[in-house]
Amino acid sequence: LYTSYKDLLEVMQWAYQQGQRHWCDIGCGIGRSCFLWTWLFPDTTATGIELVPERLEEARAASRALRLERNFWVEADFAASATALPAADI
């Protein structure tokens with residue numbers, strides 16, 4: 001699923017204005033929405049959950065390169081009943 005930057009910005013700005021401070025992206029791929037959230041709003045954190053390890057490694061490498069230290073990455077099958085989702089605002 002691909003969400004345009006325009007739509008992401010609208011949702012993120014609304015969520016931030018509502019007081020939300022932790023973003024969780026289930027099926028985050030390479031972490032695009034997590035990067036955007038923590039870059040736009042410096043007092044926030046984000047967790048990306050992804051099944052494919054190669055995508056997570058790319059997200060982790062980009063986090064290091066961009067020095068976005070408030071992004072957290074979890075390798076998990078979010079469809080599995082044993083996967084516990086993190087607490088998040090949105």
Side-chain angles (χ1 to χ4, degrees):
L1 179 66
Y2 178 82
T3 305
S4 72
Y5 281 109
K6 178 185 176 291
D7 290 342
L8 272 176
L9 285 171
E10 277 185 33
V11 169
M12 288 179 171
Q13 288 170 339
W14 176 85
Y16 189 80
Q17 290 170 353
Q18 301 303 308
Q20 311 310 312
R21 295 299 181 266
H22 186 80
W23 180 271
C24 182
D25 186 350
I26 300 172
C28 70
I30 61 171
R32 182 175 69 105
S33 74
C34 294
F35 295 137
L36 184 59
W37 177 255
T38 57
W39 179 76
L40 286 172
F41 309 113
D43 62 332
T44 64
T45 58
T47 298
I49 301 173
E50 177 57 48
L51 175 65
V52 180
E54 294 82 7
R55 291 179 185 158
L56 276 183
E57 185 47 44
E58 191 167 339
R60 287 181 180 115
S63 283
R64 288 187 297 272
L66 296 169
R67 297 185 178 158
L68 292 173
E69 299 167 356
R70 296 176 330 277
N71 291 308
F72 304 95
W73 310 105
V74 178
E75 183 180 336
D77 180 353
F78 51 86
S81 61
T83 299
L85 298 177
D89 297 316
I90 187 164

Q. Nearest 0.5 Å, what's the CZ-CZ distance between Arg21 and Phe41?
A. 8.0 Å
Q. Given side chains that start at C-beta, do those of Val11 and Trp37 come closer than 4.5 Å, heavy atoms only?
A. no
Q. Should Trp39 and Tyr5 be regarded as members of a common hydrophobic cluster, given that ILVMFWY residues are connected when their side-chain heavy atoms come within less than 4.5 Å of each other, either directly or indirectly?
A. yes
Q) For the residue pair Phe35 and Ile30, what are the closest heavy atoms and their distance? A) CE1-O, 3.2 Å
Q. Per the side-chain hydrogen bond (donor to acceptor under 3.5 Å, both in side chains) rule, which among His22, Arg70, Glu69 passes with Thr45?
A. His22
Q.
I'd like to check Thr47 versus Cys28 (side-chain heavy atoms, cut-off strictly below 4.5 Å). Are they in contact?
A. no
Q | Arg32/Glu50 salt bridge by N-O under 4.0 Å criterion | A | no
Q) Can you tell me how far CZ of Phe72 sits from OG1 of Thr38, rounded to the nearest 0.5 angstrom? A) 9.5 Å
Q. Of the non-hydrogen atoms in Asn71 and Cys34, which two are nearest, and what is the gap between them?
A. OD1-O, 3.2 Å
Q) Roughly how far, to the nearest 0.5 Å, is CE of Met12 from CH2 of Trp23? A) 4.0 Å
Q. What distance separates Thr3 OG1 from Leu9 CG, expressed to the nearest 0.5 Å?
A. 11.5 Å
Q | Minimum heavy-atom distance between Gly31 and Ala59, given as atom pair plus value | A | N-CB, 4.2 Å
Q. In Å, rounded to the nearest 0.5 Å, how long is the span from CG of Leu51 to CD of Glu54?
A. 10.0 Å
Q.
Distance check, rounded to the nearest 0.5 Å: Glu10 atom CD versus Gln13 atom CD?
A. 8.0 Å
